[in-house]
Amino acid sequence: QVRLVESGGGLVQAGDSLRLSCALSGGTLSSYAMGWFRQAPGKEREFVATISWSGTMKRYADSVKGRFTISRDNAKNTVSLQMISQKPEDTDMYYCAAENHPYGVEESYEYDYWGQGTQVTVTS
């Protein structure tokens, strides 16, 4: 059974950097497009970034483009989200997701597996 576990969340100040990591077990990461989403209480889950099997195709939400970078290491079965120049509005629970497809999409319901989430809090 595929399992995703996020880590790396924490409390930072605006302008600081944080790196999230997601480890996949029970499968091979290279078989999945990967995505990062975030969600605040009472709001819809929002797309953040996605990366294809090979890592050559990446997409970002407009709100994070230029500040966040998604990457993957298929040999280690991990995907990361490097976040720089963080803003208070980046405060959310961040979720890692896997889709059995060569490339990912922005729609959360298209993903097959989800992690439990890791909290990111950015103070002003």
Side-chain angles (χ1 to χ4, degrees):
Q1 182 178 350
V2 172
R3 183 187 180 196
L4 301 175
V5 180
E6 303 97 332
S7 62
L11 176 65
V12 297
Q13 293 183 321
D16 286 352
S17 299
L18 198 63
R19 187 179 181 88
L20 306 182
S21 182
C22 174
L24 182 147
S25 61
T28 302
L29 188 72
S30 61
S31 297
Y32 301 92
M34 302 297 295
W36 284 98
F37 293 78
R38 63 188 185 184
Q39 186 173 24
K43 297 185 178 180
E44 295 183 357
R45 189 162 297 186
E46 299 179 3
F47 167 76
V48 176
T50 188
I51 186 169
S52 63
W53 282 0
S54 66
T56 59
M57 296 176 60
K58 302 177 182 180
R59 288 201 296 157
Y60 299 92
D62 290 341
S63 59
V64 306
K65 192 172 184 178
R67 299 188 299 115
F68 290 10
T69 301
I70 188 171
S71 62
R72 66 191 298 156
D73 188 337
N74 289 339
K76 297 181 179 179
N77 266 16
T78 59
V79 61
S80 299
L81 185 69
Q82 179 67 51
M83 305 181 292
I84 64 172
S85 301
Q86 288 196 273
K87 305 174 181 179
E89 48 263 46
D90 293 325
T91 295
D92 266 319
M93 184 73 76
Y94 284 72
Y95 297 89
C96 174
E99 181 185 4
N100 189 16
H101 195 273
Y103 59 88
V105 295
E106 297 182 9
E107 293 76 18
S108 61
Y109 56 81
E110 294 288 353
Y111 286 78
D112 302 299
Y113 305 100
W114 292 86
Q116 82 290 342
T118 185
Q119 179 67 42
V120 173
T121 301
V122 185
T123 61
S124 60

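In this text, all values refer to a predicted model and were calculated from it rather than measured experimentally. These values consider heavy atoms only, across backbone and side chains, with no hydrogens, waters or symmetry-generated copies.
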Next on the checklist: Could you check whether any side-chain heavy atom of Tyr94 comes within less than 4.5 Å of a side-chain heavy atom of Glu6, counting everything from C-beta outward?
Outcome noted: no
Checklist entry - Taking all atoms of both residues into account, what is the closest heavy-atom pair of Ser17 and Gln82, and its distance? => result CB-NE2, 4.0 Å
Checklist entry - For the atom pair OG1 (Thr69) and CD1 (Ile84), what is the distance rounded to the nearest 0.5 Å? => result 6.5 Å
Checklist entry - What about Trp114 and Val79, same hydrophobic cluster or not, with Ile/Leu/Val/Met/Phe/Trp/Tyr joined at side-chain heavy-atom distances under 4.5 Å? => result no
Checklist entry - Does Val12 share a hydrophobic cluster with Met83, counting links as ILVMFWY side-chain heavy atoms below 4.5 Å and allowing steps through other members? => result yes
Next on the checklist: Salt bridge check, Arg67 against Asp90: does any charged N sit closer than 4.0 Å to a carboxylate O?
Outcome noted: yes
Item to check | Passing option when Arg59 is tested against Val48, Val105, Ile70, Ile51 for side chain to side chain contact (heavy atoms under 4.5 Å, CB included) | outcome: Val105
Checklist entry - Roughly how far, to the nearest 0.5 Å, is the NZ atom of Lys87 from the OG1 atom of Thr123? => result 15.5 Å
Checklist entry - Applying the 4.5 Å side-chain criterion to the ILVMFWY set and letting contacts propagate, would Leu24 and Phe37 be lumped into a single cluster? => result no
Checklist entry - Near Arg3 CZ, under 6.0 Å, is it more than 12 heavy atoms from other residues, nucleotides or ligands? => result no
Item to check | Same apolar cluster (I L V M F W Y, side chains within < 4.5 Å links), Leu20/Leu29 | outcome: yes
Item to check | Met34 backbone acceptor or donor facing Thr50 side chain under 3.5 Å | outcome: yes
Next on the checklist: Are there over 12 heavy-atom neighbours, none belonging to Tyr60, within less than 6.0 Å of that residue's OH?
Outcome noted: yes
Next on the checklist: Under 4.5 Å between side-chain heavy atoms, counting indirect links through other Ile/Leu/Val/Met/Phe/Trp/Tyr residues: same cluster for Val2 and Trp53 or not?
Outcome noted: no
Next on the checklist: Would you say that Leu81 contacts Arg38 through its side chain, given a criterion of any heavy-atom pair below 4.5 Å between the two side chains?
Outcome noted: no
Checklist entry - Between Lys43 and Asp92, is any pair of side-chain heavy atoms under 4.5 Å apart? => result no
Checklist entry - Nearest 0.5 Å, what's the CG-OG distance between Asp73 and Ser30? => result 11.0 Å
Next on the checklist: Could you tell me if the side chain of Trp36 sits less than 4.5 Å from the side chain of Phe68, heavy atoms only?
Outcome noted: no
Item to check | Interatomic distance, Ser108 atom OG to Gln39 atom CD [nearest 0.5 angstrom] | outcome: 8.0 Å
Checklist entry - So which heavy atom on Ala33 is nearest to which on Tyr111, and how close? => result O-CE2, 4.4 Å
Checklist entry - How many angstroms lie between OG in Ser25 and CD in Gln1, if you round to the nearest 0.5 Å? => result 9.0 Å
Next on the checklist: For Leu4 versus Cys96, what's the shortest heavy-atom pair and its separation?
Outcome noted: CD1-O, 3.6 Å
Checklist outcome for this item: Nearest heavy-atom contact between Ala14 and Pro88 is CB-CD, 4.1 Å
Next on the checklist: Can a donor-acceptor pair be found, under 3.5 Å and without considering hydrogens, that links the side chain of Asp16 to the backbone of Gln86?
Outcome noted: no
Checklist outcome for this item: CE (Met93) and OG1 (Thr118) are apart, to the nearest 0.5 Å, by 7.5 Å
Next on the checklist: Are the side chains of Arg19 and Ser80 in contact, using a 4.5 Å heavy-atom criterion?
Outcome noted: yes
Checklist entry - Are Gln119 and Thr91 close enough that some pair of their side-chain heavy atoms sits under 4.5 Å apart? => result yes
Next on the checklist: Strictly distance-based, threshold 3.5 Å: is any side-chain N or O of Arg45 a donor or acceptor partner for the main-chain N or O of Tyr109?
Outcome noted: no
